[in-house]
2 protein chains.
Amino acid sequence: MTSGRVTIADVARRAGVSTAAVSKVLRGAYGVSAEMQAKVTQAIDELGYRPHAAARALRGRTYTLGVMLSDTRNPFFPDIIEGVTGRLGDTEYQVLLGPGGIEPKTQARMTDAMIDRSMDGLILIAPVLTDAELAVIATATPVVVVGRHGGAVAYDAVVDDDVMGAGLVVDHLVGLGHTRIAHITHLERARAQGLPHMVRAEGYRQAMRAHGLADDVLATSFTEEGGFEGARELLARADRPTAIFAGADIAALGVLRAADEAGLSVPEDLSVAGYDNIGIASLKRVSLTSVDQDGQVIGATAASLLVERIEGRSRSVTSSVSPTLIVRGTTGPPRL
Amino acid sequence: MTSGRVTIADVARRAGVSTAAVSKVLRGAYGVSAEMQAKVTQAIDELGYRPHAAARALRGRTYTLGVMLSDTRNPFFPDIIEGVTGRLGDTEYQVLLGPGGIEPKTQARMTDAMIDRSMDGLILIAPVLTDAELAVIATATPVVVVGRHGGAVAYDAVVDDDVMGAGLVVDHLVGLGHTRIAHITHLERARAQGLPHMVRAEGYRQAMRAHGLADDVLATSFTEEGGFEGARELLARADRPTAIFAGADIAALGVLRAADEAGLSVPEDLSVAGYDNIGIASLKRVSLTSVDQDGQVIGATAASLLVERIEGRSRSVTSSVSPTLIVRGTTGPPRL
DNA sequence: TTGAAAGCGCTAACAA
DNA sequence: TTGTTAGCGCTTTCAA
């Protein structure tokens, strides 16, 4: 299979030059005449030559960037990936995605695998690794972490401003007249710090406090079932909330189901808001008020930072992307 | 960064043996004494040695399998990927995903990139490349194509039995008493043949014919909007269908919205069925009757076939996975 | 400006 | 059973 492969030597022979010359043209290195450039380029085209990445890796770069996905099911991954590939579209870099799973162990295995494959840099999306583990990875290769707040010293970071996002929701609900606003968050025995759901819960608390309201946080899980169970518990209370802010849209869908079953109409009896603005939130039948993270911008930013890192920047950068509130049909004034 | 890397030479020195010996232990090659095995293994552990994939690639395998994704947004990719990684879990192979985009050109670029990176084999999910292009790729590396019907000669294939799936839906609807059953399919100016939606439409036609019913196919697109537009057109007819079978769940969601807007209740006035059994289909609020493909099995099967190929099988295999009908709340007997 | 040649870390004959 | 050695295809000094 590799037998028939066109190598740099074939190109050199065809162009009547040395392999070193071809290599220089390939990398746009300094010190090549226009004539040489033309000869080599022509030979490359004629032969349909493509550099062998592994061979390059042994000396230089692989022009491969790895994106570790923590949970393939996460609905805004496609946006982030689109942002990354979009930004890298006209560069030489190729993007390869590594399904890291949701366990620290499998994620560590994946990052190791990516490093072993000499990737030029890594984008880690919402990794559950500890700051210490991340630091180790960052010493091996340039790293940009997406979706982890705080602790970026050896690597760059791109985060959604989750505090702001939670604040947008609370402000919106308070503006509508709500005072009993509950929040459903995700319960995790994670060793990792600064995970988005933690920051969203904190942002919710801060915003409630700013409005002089008592907070009410219930931790279940970011699943449809988790939202359902959480809402059922909240709605069974004597002084039930008039609005529920779920930390993730998928949980908000469960809240909607619980409202259905409790015979409460949305938004008249209960306002519901989510976070992430996943695709179905915009479906007319769902019409869920949600916070949009603009995954495309996040992905593009991460890609830019990574390339800068690879090309030499050593100072750490943390970029915060502002979310937007998308008001739809599930939120409205409380019934008086 | 690579400077500090532990190499096979370090291991050999530590264990007091040759690099060749280490290599043999690594690959479990024939002719290694237990003592040698132990010494080397210990040295590897002590040093935390991990083989450098690029260096291996130059001579042998990379232990990397590539999965080309044609559309990251496709909701059953996670299942397929889970199936693939699950099956490969205890092997040495690592899975890397390549976002190929929906254009033939970008997909070709991605497959080239994967070949250039010496991947040991490729799984292509619903590629829009022509049979000829696929054949070329298959000469370069072992290939398993998922979701393309027909034309597998140089490579293996795993397909959902879309004819059967469409038949299940039609049989179900006919069994409920429907006779005017329309089908919404995807319109594509694709060069590629045997795409799932084409086969589903054909399966629908066959099944209708088998029941002695007239078929009624409308081509819009597999989007929420496409389903909506299609349904609106179908429902505006004098002799409107009593059931609509959308070739994809996402389109079925649009059909549901159109029914809402037309003031038709589901399933009393209109039965709706989809295909793919995406996550939201099972949400209680949606409860969409759909055909389930078991992406996990598809992915696991593809992984098995690929490994077999890599390890020497040359005869082509096509594996057909039977879908199941998941009956939920959107289908019922027609109003008399 | 160009080319010769020495590796990068590993595998696979082949020899011992 | 173990070790020696010649590359794999490329990049990168260093000379010419």
Side-chain angles (χ1 to χ4, degrees), chain A residues 1-41 43-44 47-64 92 115-120 140-141, chain B residues 1-41 43-44 47-64 92 115-120 140-141:
Chain A
M1 60 206 235
T2 319
S3 58
R5 205 176 168 100
V6 180
T7 75
I8 204 172
D10 297 323
V11 175
R13 210 171 301 124
R14 174 76 154 232
V17 300
S18 72
T19 59
V22 177
S23 175
K24 278 175 192 156
V25 170
L26 236 38
R27 289 167 298 127
Y30 179 77
V32 211
S33 67
E35 188 201 4
M36 167 73 78
Q37 165 87 30
K39 272 193 301 191
V40 171
T41 308
I44 287 177
L47 264 33
Y49 166 78
R50 298 197 314 253
H52 192 298
R56 285 186 136 177
L58 237 41
R59 301 310 251 94
R61 299 183 173 179
T62 52
Y63 298 95
T64 308
E92 278 201 275
I115 292 169
D116 293 343
R117 280 156 187 76
S118 319
M119 294 195 175
D120 294 341
T141 187
Chain B
M1 62 209 233
T2 319
S3 59
R5 209 180 163 96
V6 179
T7 75
I8 204 172
D10 298 322
V11 175
R13 210 172 302 123
R14 174 75 156 235
V17 301
S18 72
T19 59
V22 177
S23 176
K24 279 176 191 155
V25 171
L26 237 38
R27 291 168 295 128
Y30 178 79
V32 208
S33 67
E35 188 200 5
M36 167 74 77
Q37 165 89 30
K39 270 193 302 190
V40 171
T41 308
I44 287 177
L47 264 31
Y49 167 79
R50 299 197 313 255
H52 192 300
R56 287 185 136 178
L58 239 39
R59 299 312 252 97
R61 300 182 171 181
T62 52
Y63 298 96
T64 308
E92 277 201 276
I115 292 169
D116 293 345
R117 281 157 186 74
S118 319
M119 293 193 173
D120 294 341
T141 188

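Since we're looking at a predicted model, the values are computed, not measured.
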### Message
Looking at C/dT11, I'd like to know if its phosphate oxygens (OP1 or OP2) sit under 4.0 Å from a side-chain N or O belonging to B/S23.
### Response
yes
### Task
Starting from C1' on D/dG3, measure out to CZ on B/R13 and report it in whole angstrom.
16 Å
### Message
Contact between B/L26 and B/R56 at the side-chain level, heavy atoms closer than 4.5 Å - yes or no?
### Response
yes
### Message
Please tell me whether A/R117 and B/T64 have a donor and an acceptor in their side chains that are separated by less than 3.5 angstrom.
### Response
yes
### Message
What's B/A20 touching, base or sugar-phosphate or nothing? Going by heavy atoms closer than 4.0 Å.
### Response
base
### Query
Rounded to the nearest Å, what distance is computed from the CZ atom of residue B/R5 to the C1' atom of nucleotide C/dG7?
18 Å
### From C/dA12, C/dG3, D/dT11, nucleotide with atom closest to A/K24 side chain
C/dG3
### Query
So, the side chain of B/T62 versus the backbone of B/S118: is there a donor-acceptor pair under 3.5 Å, distance only?
yes
## Note on the structure
Side-chain contact check for A/H52: nearest option of D/dG9, D/dT11, C/dG3 is D/dG9
### Summary
note: B/Y49, atom OH; C/dG9, atom C1'; distance rounded to Å ~ 7 Å
### Message
When you measure from the side-chain N and O atoms of B/S18 to the phosphate of D/dG3, is any distance below 4.0 Å, counting only OP1 and OP2?
### Response
yes
### Atom-to-atom span, CG of B/D116 to P of D/dG9 - whole angstrom
13 Å
### Task
Output the single nucleotide from C/dG3, D/dT11, C/dT11 whose closest atom is nearest the side chain of A/L26.
D/dT11
### Task
Identify whether any heavy atom of A/V32 sits under 4.0 Å from a base atom; if not, whether one sits that close to sugar-phosphate; answer base, sugar-phosphate or nothing.
sugar-phosphate
### Query
What is the distance, rounded to the nearest whole Å, between atom CZ of A/R59 and atom P of C/dC10?
15 Å
### A/I8 vs B/Q37, nearer the 5' end of DNA chain D by closest nucleotide
B/Q37
### Message
If you only use heavy atoms from C-beta on, which nucleotide in C/dA5, D/dT5, D/dG3 is closest to the side chain of B/T19?
### Response
D/dT5
### Task
Figure out the CZ/P separation between B/R61 and C/dC10, and round it to whole Å.
18 Å
#### Entry: No-H, no-angle donor-acceptor pair, B/R56 side chain to C/dG9 base, under 3.5 Å
no
### Message
Under 4.0 Å, counting only non-hydrogen atoms across every strand here, what does A/S33 touch: a base, just sugar-phosphate, or nothing?
### Response
sugar-phosphate
### Minimum-distance nucleotide (side-chain atoms of B/A55 versus C/dG9, C/dA12, D/dC10)
C/dG9
### Task
Can you tell me the distance, in whole Å, between the NZ atom of A/K39 and the P atom of C/dT2?
7 Å
#### Entry: A/L58 CG to D/dC10 P, straight-line distance once rounded to whole Å
12 Å
### Task
Examine distances only and state if a side-chain atom of A/R27 and a backbone atom of A/S23 form a donor-acceptor pair shorter than 3.5 Å.
yes
### Task
First locate atom OG1 of A/T19, then atom CZ of A/R13, and finally report the distance between them rounded to the nearest 0.5 Å.
10.5 Å
